[in-house]
There are 2 protein chains.
Amino acid sequence: MCEGLRARGFRLTPQRLAIVHLFSRDGSHPTAHDLFARLRPAFPTMSFATVYNTLDALAQAGLSSSLRLGALSGLAAATRFDPNTEPHHHAVCDRCGVVVDLPVDSLAAPQVDARKVRTQSQGFRVRTVETIYRGTCAGCRSRPSLPPLPNVTPEA
Amino acid sequence: MCEGLRARGFRLTPQRLAIVHLFSRDGSHPTAHDLFARLRPAFPTMSFATVYNTLDALAQAGLSSSLRLGALSGLAAATRFDPNTEPHHHAVCDRCGVVVDLPVDSLAAPQVDARKVRTQSQGFRVRTVETIYRGTCAGCRSRPSLPPLPNVTPEA
DNA sequence: ATGAGTGCAAATGCTTTGCATCCTG
DNA sequence: CAGGATGCAAAGCATTTGCACTCAT
């Protein structure tokens, strides 16, 4: 992932290396705050600007994408970031907020070649397709009642 | 739509009637600010709280849904609201931000019964499916270069 | 009349920005 | 050693909330 940044002309600072190291192995779709919180111990002077800046650099290099899933209750909806560059869907748990990646063939309705489809009556040229499945994850289903629901990002 | 609100026990105030009247005929997926701006001339004292409150009431009555599509550039991503309660997809133009509804059968990949599918390895029980096609709309494709791109909500 | 709804303003939370300083390439 | 990157704090926005007042039912 670092090579990708370097190839694009981005400088590899210690902060970026740390962010990339953490983010690239993180399948939890962390928010900028999540990453920031985990980096602060090692980089007490780290700022949000740097986290966002690096995430943006990764996006420019095609090494990450962002997800806006909306809030669960009245909380503000933070952008979540995803290092998975393979085509995939997302499943979001309504209760605990966990987000899991789904390979494109794991459901009955694959998104296949819709990318090139030009939607008939509207003249749209489609470039990307994004499918979100909302429901309840296994953990929350087996749990008796709905727990207090902390601030997203479970099983961190 | 008003009946739906009344049936749910919501009071029909002049403000709500105006919001519902405007919103129910609006296929542009307006933001709260869009509606507010169009209502202010007739209701100089209208507040955002009332707009959000009414949109929330409509959502509770199952008469509208919300869309979080993310910002086009660095702007904050406003929630867009949709009075269309039929199952449908959304196509979003990367350039001008326009959002159009797509009937479920207008593309090769229908979302059909995925609602009841339990995604294999993850144990998720899926309740809703949401598909977003991103690309370029007919108008922007025919336009020579990329125009300055004002603050979303084109052809209002 | 009674409590849901309204309006206002302040608060909240995420994200961006300006600018002086730092440090990678 | 030049310009991209960082850190800090303040600014921006969308959205929510508290509270006193109003009005639909």
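Here is how names work: the chains are called A, B, and so on, in the same order as the sequence lines, proteins then strands, and each is numbered from 1.
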Quiz item: At what angle, to 10 degrees, do the two end axes of the helix from C/dA1-D/dT25 to C/dG25-D/dC1 meet, given five pairs define each axis?
Solution: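 Comparing the axis at each end, I get an angle of 40°.
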Does [X] have a side-chain nitrogen or oxygen under 4.0 Å from the phosphate oxygens OP1 or OP2 of [N]?
X: B/Q15; N: D/dA24; value: no
X: B/H33; N: D/dA14; value: yes
X: B/R16; N: D/dA24; value: no

Between [X] ([atom1]) and [N] ([atom2]), how many Å, whole number?
X: B/R8; N: D/dT25; atom1: CZ; atom2: P; value: 18 Å
X: A/L17; N: D/dA5; atom1: CG; atom2: C1'; value: 13 Å
X: A/L67; N: C/dC14; atom1: CG; atom2: P; value: 17 Å
X: A/F36; N: C/dT15; atom1: CZ; atom2: C1'; value: 13 Å
X: B/R40; N: C/dT6; atom1: CZ; atom2: C1'; value: 16 Å
X: A/R68; N: C/dG13; atom1: CZ; atom2: C1'; value: 12 Å

Treating Ile, Leu, Val, Met, Phe, Trp and Tyr as nodes and any side-chain heavy-atom pair under 4.5 angstrom as an edge, say whether [X] and [Y] lie in one connected cluster.
X: A/F81; Y: A/V99; answer: no
X: B/F36; Y: B/L58; answer: yes
X: A/L67; Y: A/L35; answer: no

Quiz prompt | Exam field: side chain A/D26 to backbone A/F23, donor-acceptor pair closer than 3.5 Å | solution =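 Here the side-chain-to-backbone pair does not exist.
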Self-check item: Contacts of type side chain to side chain contact (heavy atoms under 4.5 Å, CB included), residue B/L12, not counting sequence neighbours
Solution: B/C2, B/L5, B/R6, B/L17
Exercise. Look up atom CZ in B/R38 and atom CE in B/M46, then write down how far apart they are to the nearest 0.5 Å.
Key: 12.5 Å
Quiz item: To the nearest 0.5 Å, how far apart are CZ in B/R134 and CG in B/D94?
Solution: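 So the CZ of B/R134 and the CG of B/D94 are separated by 7.0 Å.
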Quiz item: Under 3.5 Å, is there a donor-acceptor pair linking the side chains of B/T50 and B/N53?
Solution: no
Quiz item: Once the angle between the rings of A/H33 and A/F48 is folded into 0 to 90°, is it parallel (under 30°), tilted (30 to 60°) or perpendicular (over 60°)?
Solution: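 A/H33 vs A/F48 ring planes: tilted.
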Exercise. Please name all residues satisfying side-chain hydrogen bond (donor to acceptor under 3.5 Å, both in side chains) with B/D82, sequence neighbours left out, ordered by chain then number.
Key: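 Applying side-chain hydrogen bond (donor to acceptor under 3.5 Å, both in side chains) to B/D82 gives B/H29, B/H88, B/H90.
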For residues 59-66 of chain B, dump all side-chain donor-acceptor pairs below 3.5 Å to protein atoms at least two apart in sequence or in another chain.
unit_1	atom_1	unit_2	atom_2	d
B/Q60	NE2	B/D56	OD2	3.0

Quiz item: Of the residues in residues 43-64 of chain A, which ones touch DNA chain C at a heavy-atom distance under 4.0 Å?
Solution: A/A49, A/Y52
Quiz item: Could you run down nucleotides 19-25 of chain C 5' to 3' and tag each one B, S or - for protein heavy-atom contact under 4.0 Å?
Solution: -----BS
